[in-house]
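Everything numeric in this text was worked out from a predicted model, so none of it was measured. Within every chain, numbering begins at 1; the chains are lettered A, B, ... in the order of the sequence lines, protein sequences first and strands thereafter.
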Number of protein chains: 2
Amino acid sequence: MATIRDVAKKAGVSVTTVSRALNGYSDVNEKTRERIKAIAKELKYSPNLLARSLVMKKTKTIGLLVSGLRIEGSKDNFTYEVLCGVNDCAGELGYELVLISTDSKKQQEKTYNQLVQERKVEGIILQGIKTDDPYLEEVLKSDIPCILIDIPMESDSVGYVTTDNRDGAKSAVTHLLNLGHKHIGMINGHSQAFVSQERLEGYQEALQEKGIPFNHLYVADGAFLEEKAESETGMLLDKHPEITALFCASDLMAMGAIRAAKKMGRNLPEDLSIVGFDNIILSAYSTPSLTTIGQDRYQLGYEATKLLTDMLEGNKGSKRKVLNTTFIKRESTSENHN
Amino acid sequence: MATIRDVAKKAGVSVTTVSRALNGYSDVNEKTRERIKAIAKELKYSPNLLARSLVMKKTKTIGLLVSGLRIEGSKDNFTYEVLCGVNDCAGELGYELVLISTDSKKQQEKTYNQLVQERKVEGIILQGIKTDDPYLEEVLKSDIPCILIDIPMESDSVGYVTTDNRDGAKSAVTHLLNLGHKHIGMINGHSQAFVSQERLEGYQEALQEKGIPFNHLYVADGAFLEEKAESETGMLLDKHPEITALFCASDLMAMGAIRAAKKMGRNLPEDLSIVGFDNIILSAYSTPSLTTIGQDRYQLGYEATKLLTDMLEGNKGSKRKVLNTTFIKRESTSENHN
DNA sequence: CTGAAAGCGCTAACAC
DNA sequence: GTGTTAGCGCTTTCAG
C-alpha cells in the first residue's frame, strides 16, 4: 500500500509538495503537479484517511444512530427509508456514513458521548429512540451536533426534523367525520413517542371542530404493534359497538385492526371505516387497501442530513424542519350508514 | 476532549502506562491501574480510535458495499434485512460497520480499490451487484478480504454466501407438478443475476424429473420488476392459454403476475396457481396470499459477516456458505382441474 | 512494574 | 514553488 512518501520519493520531491499537489493547492507548479499525479496513479496511491483525519481533526463522517435495527422493521420500513435519505444526502455532500445501532444492553456499556467521541463522527442523526431513553438527556447536554428524528427538541447543538403529525391526524379524522361517522375510535401508539401525543391532539382537534365531545374510552394503546392493535381493537369494538370508524396511529396497527374487525364479522368498509398513518407499502396491498396519511420517511432522513451538515459547516439557519403529510384515499373508508 | 496525555499528566505517570493500564495489560500495578481508570473516567477520556488505528494498522471496521440503496428496496427489504444481519454479527464481534453505497456514476470516479483502501475497512461485504458489474472483476483481483452475497465466486481473499436457489426453485415447481399442473410458466429475473440462472435450472430439473419437456417459450424475463412481470405475465398467458401455473423468481414479480392474472379475469388459484420466491412481507398480505419459497435474508448478512471476520482473524475454513430455503404453502396454489 | 523514544501517514506553518 | 520541521493521539519496542 503506497504512502505519500513513496510518491514523494519516486517523484523526487518532498511529501509536502505531494500533499499540496494532490489536494489541489494553487502554489504548486503545474508540471510538477501533473508528474506527481501520474506517479500517484502509477503507484495506486490513495491517501490514508485516518492519518489525514487525525491531523486535520475532521473526519467528514456522520453517524446514524438507530435504536433497534431489527428485522421487525421490515414491516414499516421506517428505518430503511430514513437510511436511504441519509445515505443519499450524505453521499451528495461528500460525507461518510457510519451506522451505529444500539440497544439497552449496549447502552449499559457505553455512554452516548463515548460512543460518538470514539468513532469521531462530526455529527449524528438519531432515529427511533424513545422519549424516555437515557441517551436523549445526554444528547441535549452534549455539544456534538445532532439532529433528532421525530423528537421536537432543540438546543445550541441539537435540531430536529419531523412530520406534521397533528395536522395529519386531524385530516384523517376529519375525513371520517365528513363521511358521517359520529363514533370514532383511535388506536394510538405508545406514549414514549412524541408522535403519539401529536396524533392524539390532531384527533381531538378534529372532533372539537365538529362539536363532538372527546371520549377517552374510545382511545386504546396499540403500542405501534400489529398484534397489540389487533387485540385492543377487538376489546374496543366489543365494549363500544357504536363505533363505526377507527383512526390508527400507524398503518401496521391498522393491519391489526383490520384483522380484528374481520374476525368479529364486520365487513370493511361498510361496517367499519379505518384510516391508518404512514403509507407503508403494505397499506396498498392489504384487503381492503388502506386509506391513510402518508409521510415521507426518505425525506425525513434527507432533510435531517442537510440540517446536520449545515450545522457542521457553520451555516446558521433553522435547526428544525417539519414535513407535510399527504392524504391518501383507498378502500378502507366509506360513508356511515348507521 | 481529553487525550491520553491529559490522563497521564493528572495521574503522574507516562502515557505508556496509561495505555497499558487501560488496555488491560498484565504488567501494570493493580493500584496504578485503578487510579488511572478513575482519572480516565473523571476526565471523560475515551481513546481516539483514529490514532489507534493509524499505529496499529487495524481498524476493526468492515464495510457493506451496496449497489443501489434505494427506496424501491422497500418492497422486498432484501438490503435492509441483510443489513440487519450484518450489523448484528458485526456488533457481536466488536466490528464497526460503514455503509458504502455506490452507483454507476460513483463508479466512474473511484475504483473499488480506492474506495476500500481509503476508508480503511479491513474487509467488505458486497450486496446487490450484478454479474456484469466492473467492480466484480476488481474484487477478485484485489487482496482485500471480501464476501459476496449471491455471487458464487471464490478466490484466496474472496468467499460468498448464498441460498440454495436451485433446490428452492425445484421444490416450488415440484409443488405445482404434484398439484397436477402440466403447463407451468416461469417469470424469471434478469440474467445479470446468478440467482436467476440457478432458479431456472431448478425449474428445469423439476420438470425433467417428472418427464415434462422444457419449453423455453414458457419462460419470460420479468427483470425482478413488479411492472415488468405484470406485462410479461399478460403476454405469456395470452400466447399460451394452456398455462395453469406460474413460478415467479421473486415474490415481487409474483405480485405483478397476480395483478395481470386478475386483470385477465382469471380466478386465483382456481384458474391459475402462482408460486413466488423470497417470502417477503407482502406475500403474506396479498390476496390471495402467496405460496412461496422462503429465504433468510437476515441470515445471509449474518453468515457473510461471520465468514468475513473469520477470514480477517486468520481462521482457516470454508469461505462459502449455502443456506437452505423453506417451502411456504399459502393460498395462491391449488390443484389443476383442467 | 514504569518511562523514554520512535513512528503510524498525513497536513500546516514557516522558511528559503 | 518547494523543503524543513513539528505534531495530530496513540501503541510499542527497549531500557531500566
Side-chain angles (χ1 to χ4, degrees), chain A residues 1-40 43-61 94 96 113-114 116-122, chain B residues 1-40 43-61 94 96 113-114 116-122:
Chain A
M1 207 136 297
T3 77
I4 197 170
R5 294 180 68 121
D6 300 324
V7 180
K9 208 165 286 176
K10 184 138 190 174
V13 296
S14 72
V15 292
T16 317
T17 307
V18 176
S19 173
R20 281 191 292 230
L22 262 25
N23 289 317
Y25 281 56
S26 58
D27 60 349
V28 49
N29 188 309
E30 269 313 314
K31 287 197 171 169
T32 340
R33 188 198 303 280
E34 287 315 316
R35 199 157 46 85
I36 289 174
K37 272 191 173 171
I39 291 174
L43 262 40
K44 294 191 172 128
Y45 167 75
S46 51
N48 185 330
L49 257 36
L50 257 54
R52 175 183 287 169
S53 298
L54 184 58
V55 48
M56 300 220 292
K57 294 179 171 306
K58 280 229 167 220
T59 55
K60 268 273 195 180
T61 299
E96 315 261 303
N113 275 297
Q114 280 180 316
V116 174
Q117 269 180 48
E118 281 187 3
R119 312 218 184 186
K120 294 298 169 220
V121 296
E122 293 184 25
Chain B
M1 208 134 296
T3 76
I4 197 171
R5 295 181 67 119
D6 300 323
V7 179
K9 209 166 284 176
K10 185 137 188 174
V13 295
S14 73
V15 293
T16 317
T17 307
V18 176
S19 174
R20 281 192 292 230
L22 262 27
N23 289 317
Y25 281 55
S26 58
D27 60 351
V28 51
N29 189 310
E30 270 312 315
K31 288 198 172 170
T32 341
R33 189 199 303 280
E34 287 315 317
R35 198 157 46 85
I36 290 174
K37 271 191 175 172
I39 291 174
L43 260 40
K44 293 190 170 128
Y45 168 75
S46 50
N48 184 330
L49 257 38
L50 289 166
R52 174 181 289 170
S53 299
L54 185 58
V55 48
M56 301 220 295
K57 294 181 172 307
K58 280 233 168 217
T59 54
K60 269 272 193 181
T61 298
E96 316 261 301
N113 276 296
Q114 279 179 316
V116 174
Q117 270 180 47
E118 281 186 5
R119 311 216 185 187
K120 294 297 167 221
V121 297
E122 293 183 25

In whole angstroms, the gap separating P of D/dG9 from NZ of B/K9 amounts to 11 Å
Please write out the pairs of protein N or O atoms and N or O atoms of nucleotides 13-16 of chain D separated by less than 3.5 Å, giving the distance to one decimal.
none

- Indicate yes or no: at least one non-hydrogen side-chain atom of B/K37 is less than 4.5 angstrom from one of B/L22. yes
| Flag side-chain contact, heavy atom, 4.5 Å: A/N48 against B/L54 | yes
Look at A/T17 and D/dT2 and indicate whether a side-chain polar atom (N or O) is within less than 4.0 Å of OP1 or OP2. no
B/R35 CZ to C/dT2 P, in whole Å, measures 8 Å
Closest heavy-atom pair, B/S53 versus A/L50, reported as atoms and distance to 0.1 Å, is CB-CD2, 3.2 Å
OP1 or OP2 of D/dT12 less than 4.0 angstrom from a side-chain nitrogen or oxygen of B/Y25, does that happen here?
yes
To the nearest angstrom, the CG-C1' distance between B/L22 and D/dT11 comes to 13 Å
All N/O contacts under 3.5 Å from nucleotides 6-10 of chain C to the protein, with atom names and distances to one decimal?
unit_1 : atom_1 : unit_2 : atom_2 : d
C/dC8  : O3'    : B/K57  : NZ     : 2.9
C/dG9  : OP1    : B/K57  : NZ     : 2.7
C/dG9  : N2     : A/A51  : O      : 3.4
C/dC10 : OP1    : A/Y45  : OH     : 2.7
C/dC10 : OP1    : A/N48  : N      : 3.0
C/dC10 : OP2    : A/I4   : N      : 2.3

| query | Counting only N and O atoms by type, is there a donor-acceptor contact under 3.5 Å from the side chain of B/T59 to the main-chain atoms of B/K120? | reply | yes
4.5 Å side-chain heavy-atom contact, A/L43 and A/K10
yes
Separation of C/dC1 atom P from B/I36 atom CD1, nearest Å, is 13 Å
Nearest heavy-atom contact between B/R33 and B/R20 is NH1-O, 3.9 Å
Check your understanding: Side-chain contact, heavy-atom cut-off 4.5 Å: B/E34 with B/E30?
Key -> yes
A/D27 atom CG is separated from C/dC16 atom C1', nearest whole Å, by 14 Å
_Categorize A/T32 for me: base, sugar-phosphate, or nothing, with a 4.0 angstrom heavy-atom threshold over every strand shown._
sugar-phosphate
Residues passing the salt bridge (Lys or Arg N to Asp or Glu O under 4.0 Å) test with B/R52, sequence neighbours excluded, are none
Computed from five pairs at either end and rounded to 10 degrees, the angle between the axes of the helix from C/dC1-D/dG16 to C/dC16-D/dG1 is 40°
The side chain to side chain donor-acceptor pair (under 3.5 Å) partners of B/E118 (sequence neighbours excluded) come to B/K110
Sequence neighbours excluded, the answer for side chain to side chain donor-acceptor pair (under 3.5 Å) partners of A/T16 is none
Heavy-atom nearest pair, B/Y45 first then B/I4, reads CE1-N, 3.4 Å
